[in-house]
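Only one structure is covered here, and it is reproduced in the block below.
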Amino acid sequence: SQELEQSPQSLIVQEGKNLTINCTSSKTLYGLYWYKQKYGEGLIFLMMLQKGGEEKSHEKITAKLDEKKQQSSLHITASQPSHAGIYLCGAVPGAQKLVFGQGTRLTINP
Amino acid sequence: KAGVTQTPRYLIKTRGQQVTLSCSPISGHRSVSWYQQTPGQGLQFLFEYFSETQRNKGNFPGRFSGRQFSNSRSEMNVSTLELGDSALYLCASRGQGTYNEQFFGPGTRLTVL
């Protein structure tokens, strides 16, 4: 079965700094989603990547799916307190169900 | 368009009891998936329903069951509750198409005492 590993598991950055979260798959990714979750709440969809090399941006968040389609990175530029939360990557393994990474907990210090 | 709604938001039960959670998908969405989230195991897939039929199932014991109604609303039932069933239960709905994003509800926080 497909597994997703996220790194780092937790991250503390100073407000205004850039940061990167990685998501590595044990198998080829057919689709890769990034979600954000505030503690104890539902998941908020950020973006979806499908094609190798694809890169998408939303406000100050950019995500990229590498050419071999087994890794994705999420980059936040000039972090703000509103970026704090848990970031999860999810993969569609071709069986219509989402497999998730364990999440990266992001803390932004003012 | 209203988002995915889940009821109740919080629930406290004791071991051995059973519980039913409800999920109303986004209007027009026929696929509803359920997930369990715990600190130790993370987010794990329970099952997916599409047009009242279970289309996919995760690796959970038979105590976990679900169903979907003709209006796409879904319920999840857990019988003979165990302490380890304490978790945030999330449901998500999706439009047709494998690569459509899933929209998640706020979750039901279940505590088993």
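The figures here come from the full heavy-atom set of this structure, side chains too, leaving out hydrogens, waters and symmetry mates. Chain identifiers are assigned alphabetically (A, B, ...) following the order of the sequence lines, protein sequences preceding nucleic acid strands; residue numbering begins at 1 within each chain.
The CZ atom of B:F103 sits 7.0 Å away from atom CZ of A:F45, with the distance rounded to the nearest 0.5 Å. In this structure, the separation between CG on B:L43 and CG on A:L4 is 11.0 Å, given to the nearest 0.5 Å.
Heavy atoms from other residues, nucleotides or ligands lying under 6.0 Å from CZ of B:R109 number more than 12. Within 6.0 Å of atom CG in B:N59, 12 or fewer heavy atoms from other residues, nucleotides or ligands are found, so the atom counts as exposed in its surroundings. In the displayed structure, B:R63 atom CZ is contacted under 6.0 Å by more than 12 heavy atoms of other residues, nucleotides or ligands. For CD of A:E3, the number of neighbouring non-hydrogen atoms (other residues, nucleotides, ligands) closer than 6.0 Å is 12 at most. The 12-atom threshold is not exceeded at NZ of A:K17, counting heavy atoms of other residues, nucleotides or ligands nearer than 6.0 Å.
Taking 4.5 Å as the limit, some side-chain heavy atom of A:F100 sits within range of a side-chain heavy atom of B:Y35.
For A:Y33 against B:E101, the heavy-atom pair with the smallest separation is CE2-CA, 3.7 Å. Between A:Q37 and B:L88, the shortest heavy-atom contact is NE2-CD2, 3.9 Å.
For B:Q37, the part sitting under 4.5 Å from any heavy atom of chain A is the side chain, from C-beta outward, and nothing else. Contact of B:L90 with chain A is made through the side chain alone, with heavy-atom distances under 4.5 Å.
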